[in-house]
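One structure below.
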There are 2 protein chains.
Amino acid sequence: MIGKRRTQTRKKIFAAFNHFQKPISVLELYSFLHKQVDLTSIYRNLELMKKTGGIIEIDFGDGKKRYELPKNHHHHLICESCGAVKDLKINDESIFNKTKDQGFLIKKHRLEFFGLCKNCQ
Amino acid sequence: MIGKRRTQTRKKIFAAFNHFQKPISVLELYSFLHKQVDLTSIYRNLELMKKTGGIIEIDFGDGKKRYELPKNHHHHLICESCGAVKDLKINDESIFNKTKDQGFLIKKHRLEFFGLCKNCQ
DNA sequence: ATTCTTGCAAAACGTTTGCAATCCG
DNA sequence: CGGATTGCAAACGTTTTGCAAGAAT
């Protein structure tokens with residue numbers, strides 16, 4: 001069965017997530033690990049962790065995937081100037097109500113805000 | 001000044017948008033135009049149209065950009081099985097209220113829903 | 001020992017860039 | 001004519017795949 005071995009690589013990757021407070025890209029992870037873990041292995045392990053729920057995939061729409069450890073459901077405020085990311089909790093109920101009479105069965109949703117943080121305004 | 005000539009290519013691209021009721025990808029556009037317009041030109045013109053407000057860029061998080069003509073502000077319900085897309089109007093006020101005390105100046109936001117349409121459930 | 005996992009190389013994918021040829025006004 | 005626009009080829013950044021060598025149980 002795939003994904004069950006506690007390898008050195010997996011320990012390193014998991015540990016790395018605790019050093020970031022924001023969603024991280026594959027390359028950020030790669031750099032953080034001093035390129036001692038091959039990019040391919042990072043990709044494969046992140047994919048695996050994603051499937052098993054160990055991490056959440058986030059998409060900022062800039063062409064690269066990002067990942068973070070599962071926390072309470074939240075969204076993000078992203079600064080388009082400096083890249084700062086701030087978590088934002090929103091009660092989604094008000095949003096979801098509108099989707100109910102559309103015949104769709106909603107599985108997930110994505111909501112992100114882009115703008116300028118305090119420092120960059 | 002860039003973007004001011006009414007070329008054949010631009011007429012074709014603009015016309016193509018009227019044949020779709022959903023956000024279209026570059027490749028969909030390319031196919032629709034029977035590959036008679038080079039991919040590069042499509043990319044360049046879409047970028048230009050985006051900057052001048054002629055089209056809106058949409059991101060479904062699947063690694064390819066999509067575009068649609070500007071309509072009233074709305075979001076999308078995307079069927080993960082058949083790819084159907086349904087527009088969804090939502091009053092964003094309730095969402096934005098939460099962002100106001102975060103110090104961020106919000107420029108834009110993205111909200112999309114993923115699930116199964118009526119036919120695919 | 002067996003199977004999972006890794007690294008390397010190469011390819012795939014969407015997109016962008018350089019440049020000479022072409023079109024538009 | 002002169003600058004904007006195009007097509008082609010090549011490069012780019014991110015992600016995926018094939019496969020033999022290596023590590024975990």
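This one's a predicted model, so the numbers in the text were calculated from it and none came from an experiment.
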Figure out the [atom1]/[atom2] separation between [X] and [N], and round it to whole Å.
| X | N | atom1 | atom2 | value |
| --- | --- | --- | --- | --- |
| B/Lys11 | D/dA4 | NZ | C1' | 15 Å |
| A/Glu28 | D/dG13 | CD | P | 16 Å |
| A/Ile24 | D/dT14 | CD1 | P | 15 Å |
| B/Asp38 | C/dT16 | CG | C1' | 12 Å |
| B/Glu47 | D/dA4 | CD | P | 18 Å |
| A/Asn45 | D/dT16 | CG | P | 13 Å |
| A/Met1 | C/dT5 | CE | P | 10 Å |
| A/Leu46 | D/dT15 | CG | C1' | 11 Å |

Worksheet item: Between B/Lys65 and C/dT16, is there a side-chain N or O to OP1/OP2 distance below 4.0 Å?
Response: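 Answer yes for this pair, as a side-chain N or O of B/Lys65 is under 4.0 Å from OP1 or OP2.
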Worksheet entry | Short side-chain N/O contact to C/dT15 OP1/OP2 from B/Tyr43, under 4.0 Å |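 It does, given that an N or O in the side chain of B/Tyr43 lies less than 4.0 Å from OP1 or OP2 of C/dT15.
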Item to complete: Please lay out, stage by stage, how B/His19 and B/Phe32 fare under the test ring-ring contact (aromatic ring centres under 6.0 Å, His included).
Response: CA-CA 9 Å; B/His19 288 267; B/Phe32 181 80; 5.1 Å; yes
Worksheet item: What's the closest nucleotide to the B/Arg10 side chain, out of D/dT5, D/dT6, C/dG7?
Response: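 Taking heavy atoms from C-beta onward, the closest nucleotide is D/dT5.
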Fill in: Side chain of B/Leu27 (C-beta onward), nearest among C/dG7, C/dG14, C/dT15
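Between C/dG7, C/dG14, C/dT15, the one nearest the side chain of B/Leu27 would be C/dG14.
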Discussion item. Around atom NZ of B/Lys51, are there more than 12 heavy atoms from other residues, nucleotides or ligands closer than 6.0 Å?
Written reply: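 Atom NZ in B/Lys51 is not packed in, count stays at 12 or less.
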Worksheet item: Under 30°, 30 to 60°, or over 60°: which ring-plane class applies to A/Phe96 and A/His109, parallel, tilted or perpendicular?
Response: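 Geometry flag for A/His109 against A/Phe96: perpendicular rings.
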Worksheet item: With no hydrogens and no angle check, is any side-chain donor or acceptor of A/His74 less than 3.5 Å from a backbone partner on A/Leu88?
Response: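 Checked: no pair found.
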Worksheet item: Counting N and O atoms only, with roles assigned by atom type, does the side chain of B/Lys86 sit under 3.5 Å from a partner on the main chain of A/Gln102, one being a donor and the other an acceptor?
Response: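 Yes; at least one donor-acceptor contact below 3.5 Å.
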Worksheet, complete the sentence: Protein heavy-atom contacts under 4.0 Å, written 5' to 3' over nucleotides 19-25 of chain C as B (base), S (sugar-phosphate only) or - (none), form the string B---BBS
Practice prompt. Taking only Lys NZ, Arg NE, NH1 and NH2, and the carboxylate oxygens of Asp or Glu, determine whether A/Glu112 and B/Arg110 approach each other closer than 4.0 Å.
Written response: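 So A/Glu112 does not pair with B/Arg110 through a salt bridge.
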Discussion item. Using a heavy-atom cut-off of 4.0 Å across all strands, would you classify B/Thr40 as base, sugar-phosphate, or nothing?
Written reply: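 If one applies the 4.0 Å heavy-atom cut-off, B/Thr40 turns out to touch a base.
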Worksheet item: A/Leu39 or B/Arg66: which one's nearest nucleotide on DNA chain C is closer to the 5' end?
Response: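 First, find each residue's nearest nucleotide; the 5'-ward one identifies A/Leu39.
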Practice prompt. Any chance you could measure B/Ile78, atom CD1, to B/Phe114, atom CZ, to the nearest 0.5 Å?
Written response: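 So the CD1 of B/Ile78 and the CZ of B/Phe114 are separated by 4.0 Å.
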